[in-house]
Amino acid sequence: MQEGEKINLPREYNFFVNEQKKNSQEIFFKNLQHSDGNGGSFNSLDLIFFENKKYDFLKTGFVIVPEINSKLMGKPISTVPVRATGTWKAPKGTVDFDTYNPRNNTTNFFYMKFFGNITDEQLLAHFFNMKVANFNSKIDNSVQFIRDINKANKIQINENFDSESPGLLTRLCKEINSKMPDSDCNFAPYKAYLANPDEDKTRKNLDDFYGSIWNNGVDDVTNEYILPRGSIDLPQNALKLVLPNQFFYGKSKNDQSDVFFYINNIQHNLTYDFKLKTYVFIFKITPFADSLSSDFKFISSYHNTLKGKQEVGEIEVKKNEIKNIELLLYPDRMEVQVYFKGNDNRFDYHYKLKNIFNIKKNNQ
């Protein structure tokens, strides 16, 4: 990470940001090439690790070990070419985590409009079609619409609007803006038809309303468009991930085991779990084929679909079966899932470790 570079994450992950800044002081780089723009970025560089440097991910026992492959001034080092791609779809400056709240449905309403590239007139038309249109009513749709938004927003727009002449939606939008100059003209129908004191009901209303325009709900827009994501590609036999003993035996002590694999790719994306009302920072670590050092077993807590209940059991992982390992980093803990390759008889599947990894933060 370059000096002064800001890692844009919610304050719940300050402990992670601090850990990365600390690690970056021990890693050198060269041959940096960088490009970015709205909707993505790309970094190409060579990381330089000195001998005997190991990196314990947040002191959970997942240890990253560089393979020594060259020398610098007579000292053994590891030089690792890295390709880091940012696939964050939100343009720079769109999201400020000092103020952003994923559960603010007014913000969600406007983000969904923004990322769906929907115009004011298109959205007003959709309100007409979804919420107002009633062919059995004797009241003109535009009149009913004006009555609804007047009531919800405590404004007074004249009902005698010429709905037959061209440009109705543009003229109506301008009229709403004249009465509510500090907001978008679509905020008025949002309050009239979608907003609810219950945030879950409002979110459901948003899902239904926008889902019929571009097939995305609040979860999709939040986790696929608003929150940051990216990936890191590594060369073969450069960095290996050593799994902790707690992975296998349920020990509280994070001793280093002898089970490892070489890292091919790391996908990382910040998500928000609306049911648990918490962020989840996901790291999906994919090994190179056949690089797992040995078969292993772990204890999993999983849902038995056939029996319809939660069970705890021992899961065996064969060297050629593992697809990736997923680290689910919550603000206070880390959970782990192991993904298996599918075959002719079933799709890819996964099991979650029963063990939960407590996060040791800097101030603890």
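These values consider heavy atoms only, across backbone and side chains, with no hydrogens, waters or symmetry-generated copies. Just so we're clear, the structure is a prediction, and the values are computed from it rather than from any experiment.
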Please report whether the ring centroid of Phe296 lies less than 6.0 Å from that of Phe247. yes
Going from CD1 on Ile146 to CD1 on Ile139, what distance comes out if it is rounded to the nearest 0.5 angstrom? 12.0 Å
Between Ser41 and Ser35, is there a donor-acceptor pair closer than 3.5 Å when you use the side chain of the first and the backbone of the second? no
Any sub-3.5 Å donor-acceptor pair from Asn153's side-chain atoms to Ala188's backbone N or O? yes
Taking the six-membered ring of Tyr339 as reference, does the cationic atom of Lys284 (NZ for Lys, CZ for Arg) lie under 6.0 Å from its centre and within 45° of its axis? yes
Check whether Asn69 reaches the backbone of Thr79 with its side chain - one donor and one acceptor, N or O, closer than 3.5 Å. yes
Would you name the heavy atoms of Ile325 and Val338 that are closest together and state the gap between them? CG1-CG2, 4.5 Å
Of the non-hydrogen atoms in Ala90 and Val95, which two are nearest, and what is the gap between them? CB-CG2, 4.3 Å
Is the backbone N or O of Phe145 less than 3.5 Å from a side-chain atom of Asp148, with the two atoms forming a donor-acceptor pair by type? no
For the backbone of Lys30 and the side chain of Asp46, can you confirm whether one donor and one acceptor N or O come within less than 3.5 Å of each other? no
Is there a donor-acceptor pair under 3.5 Å between the side chain of Ser78 and the backbone N or O of Glu67? yes
Spacing of CG belonging to Asn205 relative to OH belonging to Tyr193, to within rounding of 0.5 Å: 13.0 Å
Cation-pi check, Lys240 onto Phe260 ring (under 6.0 Å, within 45° of axis): yes
For the NZ atom on Lys53, are there more than 12 heavy atoms of other groups (residues, nucleotides or ligands in this structure) within a distance under 6.0 Å? no
Any donor and acceptor pair, going by atom type alone, linking the side chain of Tyr13 with main-chain N or O of Tyr279 inside 3.5 Å? yes
Suppose we call two aromatic rings close when their centres sit under 6.0 Å apart. Are Tyr302 and Tyr351 close by that rule? yes
Whether His268 and Phe283 hold their rings parallel, tilted or perpendicular, with breakpoints at 30° and 60°: tilted
Count I, L, V, M, F, W, Y as connected when their side-chain heavy atoms are under 4.5 Å apart, and connections chain through other members. Are Val218 and Met130 then in the same cluster? yes
Parallel, tilted or perpendicular: rings of Phe109 and Phe127 (30°, 60°): tilted
Are Ile77 and Ile64 connected into the same hydrophobic cluster when the rule is that any two of I, L, V, M, F, W, Y join if their side-chain heavy atoms are below 4.5 Å apart? no
Begin with the C-alpha distance, continue with both residues' side-chain angles, and end with the deciding distance and a verdict on side-chain contact (heavy atoms from CB on, under 4.5 Å) for Leu234 and Val82. CA-CA 5 Å; Leu234 299 166; Val82 173; 3.7 Å; yes
Nearest 0.5 Å, please: how far is CD in Glu224 from OG1 in Thr271? 10.0 Å
Please answer whether the main-chain N or O of Trp214 pairs with a side-chain N or O of Asn216 as donor and acceptor at a distance below 3.5 Å. yes
Does the side chain of Asn186 pick up a donor-acceptor pair with the side chain of Asp184 at under 3.5 Å? yes
Would you name the heavy atoms of Lys71 and Gly74 that are closest together and state the gap between them? CD-O, 4.1 Å
Same apolar cluster (I L V M F W Y, side chains within < 4.5 Å links), Ile282/Leu227: no
Heavy atoms from other residues, nucleotides or ligands near CG of Asp198 exceed 12 (cutoff 6.0 Å): yes
Is any side-chain heavy atom of Pro287 less than 4.5 Å from a side-chain heavy atom of Leu292? no
Output yes when Arg203 and Asp207 qualify as a salt bridge under the 4.0 Å nitrogen-oxygen rule, no when they do not. no
Check: Arg103 main-chain N/O paired with Asn108 side-chain donor or acceptor under 3.5 Å: no
Criterion ring pair (Phe, Tyr, Trp, His ring centres under 6.0 Å) against Phe357, the qualifying member of Phe62, Phe57, Tyr330: Phe62
Mind telling me whether Phe340 and Phe298 have parallel, tilted or perpendicular rings, with 30° and 60° as the class edges? parallel
Between OG1 on residue Thr94 and NZ on residue Lys89, distance to nearest 0.5 Å: 14.0 Å
Check ion pair Glu326-Lys352 (N to O, under 4.0 angstrom): no
Taking Lys319's backbone N and O only, do any of them form a donor-acceptor pair with Asp295's side chain (distance below 3.5 Å, no angle check)? yes
Treating Ile, Leu, Val, Met, Phe, Trp and Tyr as nodes and any side-chain heavy-atom pair under 4.5 angstrom as an edge, say whether Tyr55 and Ile48 lie in one connected cluster. no
Answer yes or no: are there more than 12 heavy-atom neighbours, outside Asn215 itself, under 6.0 Å from its atom CG? no
Is there a path of hydrophobic side-chain contacts, each under 4.5 Å between heavy atoms of I, L, V, M, F, W or Y residues, that connects Leu124 with Ile213? yes
Lys59 with Asp56: basic N within carboxylate O range, under 4.0 Å: no
